[in-house]
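Comments concern the structure below.
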Amino acid sequence: MKVTVVGAGAVGASCAEYIAIKDFADEIVLVDIKEGFAEGKAMDLMQTASLNGFDSTITGTTGDYAKTAGSDVAVITSGIPRKPGMTREELIGINAGIVKEVSENLIKHSPDVIIIVVSNPMDTMTYLAAKSTGLPKNRIIGMGGALDSARFKYRLAEAIGCPQSDISGMVIGGHSDTGMVPLIEKATRNSVPVTEFLTADQQAEVVEATKVGGATLTKLLGTSAWYAPGAAVSELVRAIALDSKKMFPCSALLDGEYGLSDLCIGVPVIIGKNGIEKIVEIELSDAEKEKLTASAEGVRKTNGDLKL
Ligand SMILES: NC(=O)c1ccc[n+]([C@@H]2O[C@H](COP(=O)([O-])OP(=O)(O)OC[C@H]3O[C@@H](n4cnc5c(N)ncnc54)[C@H](O)[C@@H]3O)[C@@H](O)[C@H]2O)c1
Ligand SMILES: O=C(O)C[C@H](O)C(=O)O
C-alpha cells in the first residue's frame, strides 16, 4: 500500500510515524509546501526504521505531486492549526483554499485514491473535498470521531478509575467544541453501562471534557494536539490496508441517513479496502437524535461559508 500524507507538520509527521511503526504500508510520501521540510521529516523518520523495526519507506517532497502517483490512501493535514481561544471554525478562511487545491492535486495523480481529511474545520473540509473532487462518497473520509472517541474513553476510564482497555464508546456528530455527541448511555465497561459506575454529575463532566478535549490541549500546548490525532488516522489507514471492516465514527457524506443529507458529519461507519464500506444507522434515543440534529445545523452553517 502507498500512503500520501499532505502536510508534514505536527499532525502529518505523527500520522507518518504511527503508520510506519505499525508497519502495514510499503511506502509513505510526505508532501509540504515549505522547502525541504517534508524531505527533512521523512529522512528523520527513516532514521528510526532500524530502531523501531519497520520496513515501510518514507520519502518527502516539496509540492511535487508526481511523487504521490498511485497512492491508495491520501491524508490531508495541510493547513493552519488553531491557537488558544480560537474555534476550529475560524480556520476556514485559510484552510478551505489549501484543502481544495490539495485534493485536486491528489486526484490528478491518484485517480483511485481514498482521501482522509484531517484539516479543520474538519466536517466542512471533508464536504469541500467531496464537492471539489467529485469522488464517490465511500472514498472521502473525515477523521474526527476516532480521535474524539479515544478522548471519551480516556475521560471515562479516568472518572471510573479503570484501564482504558475496559471501555467501549463512541462520539458522533460534528468535530467541534459544541457539536460533539458523546454517546454516554451506550458506552460500556466490559459490557456494563458506564452509567452504573458514574453519578449524573460525573457523567456530565466526562461529556463536557470530551467535547472540549481539543481546546483543552490547545490551551496547554499553545497549538493543537498531534499524537492522538496521528494515532487515530493511522488506525483508519490500517483498517483500509487490512480490509478489517472495523467500525469507527467518521465524517461521511450523508444521503438521508439519520434524516440528514448533503453534509459530512460524524456517524458510525465500517472501514475496509473501499474506504467507507457502509454507514451504520444505530438506534438513537430522542435526546441523542436532538443533539445530532443540532450538531448538523452547526456544520451546515459553517458549510455555508464555503465558496463552492
Ligand atoms: N481532525 C482532527 O481531529 C484534527 C486533529 C488535529 C489537528 N487537526 C488539524 O490539522 C491541521 C494541521 O495541524 P498541525 O498541527 O499539523 O499544523 P502544522 O502547522 O504543524 O502543520 C501544517 C503543515 O501544513 C503545511 N501546508 C500548508 N499549506 C500547504 C499546502 N498547500 N500543501 C502542502 N502543505 C501545506 C504547512 O507548511 C505545515 O507544515 C490543522 O488544520 C488542525 O486544526 C485536525
Ligand atoms: O482542537 C483542534 O483544533 C485540533 C483537533 O481538531 C483536535 O481535536 O485535537
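Remember, it's a predicted structure, so these values are computed and weren't measured experimentally. Order of listing sets the numbers, starting from 1, for every ligand and every atom in it.
- Per-residue contacts place Ser224 under 4.0 angstrom from the following atoms of ligand 2 (heavy atoms of the residue considered): 2 (C), 3 (O), 4 (C).
- Remark: ligand 1 and Ala8 share no N or O pair separated by less than 3.5 Å (distance only, no angle test).
- The ligand atoms of ligand 2 that sit less than 4.0 angstrom from a heavy atom of His175 are 5 (C), 6 (O), 7 (C), 8 (O).
- The Met122 neighbourhood of ligand 1 comprises atoms 1 (N), with distances under 4.0 Å to a heavy atom of that residue.
- If you check the side chains of Thr4 and Ser71, you find a donor sitting under 3.5 Å from an acceptor.
- At a heavy-atom cutoff of 4.0 Å, ligand 1 is contacted by both the backbone and the side chain of Met143.
- Counting heavy atoms under 4.0 Å from ligand 1, residue Ile80 touches it through the backbone alone.
- Atoms of ligand 2 found under 4.0 Å from any heavy atom of Arg82 (numbered from 1 in listed order, with element): 1 (O), 2 (C), 3 (O).
- The proximity of Asp148 to ligand 2, defined as any non-hydrogen pair under 4.0 Å, does not occur for either the backbone or the side chain.
- No more than 12 heavy atoms of other residues, nucleotides or ligands lie within 6.0 Å of NZ in Lys301, so this atom counts as exposed by the packing criterion.
- In Val11, the parts holding a heavy atom less than 4.0 Å from any atom of ligand 1 are both the side chain and the backbone.
- Close approach to Val6 involves these atoms of ligand 1, each under 4.0 Å from a residue heavy atom: 33 (C).
- In Arg151, the part holding a heavy atom less than 4.0 Å from any atom of ligand 2 is the side chain.
- Contact annotation: Leu217 has no heavy atom less than 4.0 Å from any atom of ligand 2.
- Atoms of ligand 2 found under 4.0 Å from any heavy atom of Leu147, numbered from 1 in the order shown, are 7 (C), 8 (O), 9 (O).
- Only the side chain of Leu147 comes within 4.0 Å of ligand 1, judged by heavy-atom distances.
- For ligand 1, the polar-atom distance check against Ile98 finds no nitrogen or oxygen pair separated by under 3.5 Å.
- For Ser119, no nitrogen or oxygen atom sits less than 3.5 Å from a nitrogen or oxygen atom of ligand 1, counting backbone and side chain alike.
- Checking side-chain atoms of Asn52 against main-chain N and O of Phe54 turns up no donor-acceptor pair under 3.5 Å.
- By the neighbour-count criterion of 12 heavy atoms within 6.0 Å, atom CD of Glu104 is densely surrounded, having more than that number from other residues, nucleotides or ligands.
- Between Tyr65 and ligand 1, not a single N/O pair is under 3.5 Å apart.
- Those atoms of ligand 1 with a heavy atom of Gly79 less than 4.0 angstrom away are 12 (C), 17 (O), 22 (C), 24 (O), 27 (C).
- Considering both main-chain and side-chain atoms, Asn95 comes within under 3.5 Å of ligand 1 through a nitrogen or oxygen pair.
- Remark: ligand 1 atoms within the under-4.0 Å shell around heavy atoms of Asn120 are 4 (C), 8 (N), 9 (C), 41 (O), 42 (C), 43 (O), 44 (C).
- If you look at Ala225 next to ligand 1, the close heavy atoms, those under 4.0 Å, all belong to the backbone.
- When only non-hydrogen protein atoms are considered, atom 11 (C) of ligand 1 lies nearest to Thr77 O, 3.4 Å.
- Among Asp123, Val118, Ile92, Ile94, the residue whose heavy atom sits closest to atom 4 (C) of ligand 1 is Val118.
- Residue contacts with ligand 1 for Phe37 involve side-chain atoms from C-beta outward but no N, CA, C or O (heavy atoms, distance under 4.0 Å).
- Ile167 has its side chain out of reach of Phe152: every pair of non-hydrogen atoms, C-beta onward, lies at least 4.5 Å apart.
- When atom types are taken as modelled, the side chain of Ser149 and the backbone of Val171 share a donor-acceptor pair closer than 3.5 angstrom.
- By the criterion of a heavy-atom distance under 4.0 Å, both the backbone and the side chain of Ala10 are placed next to ligand 1.
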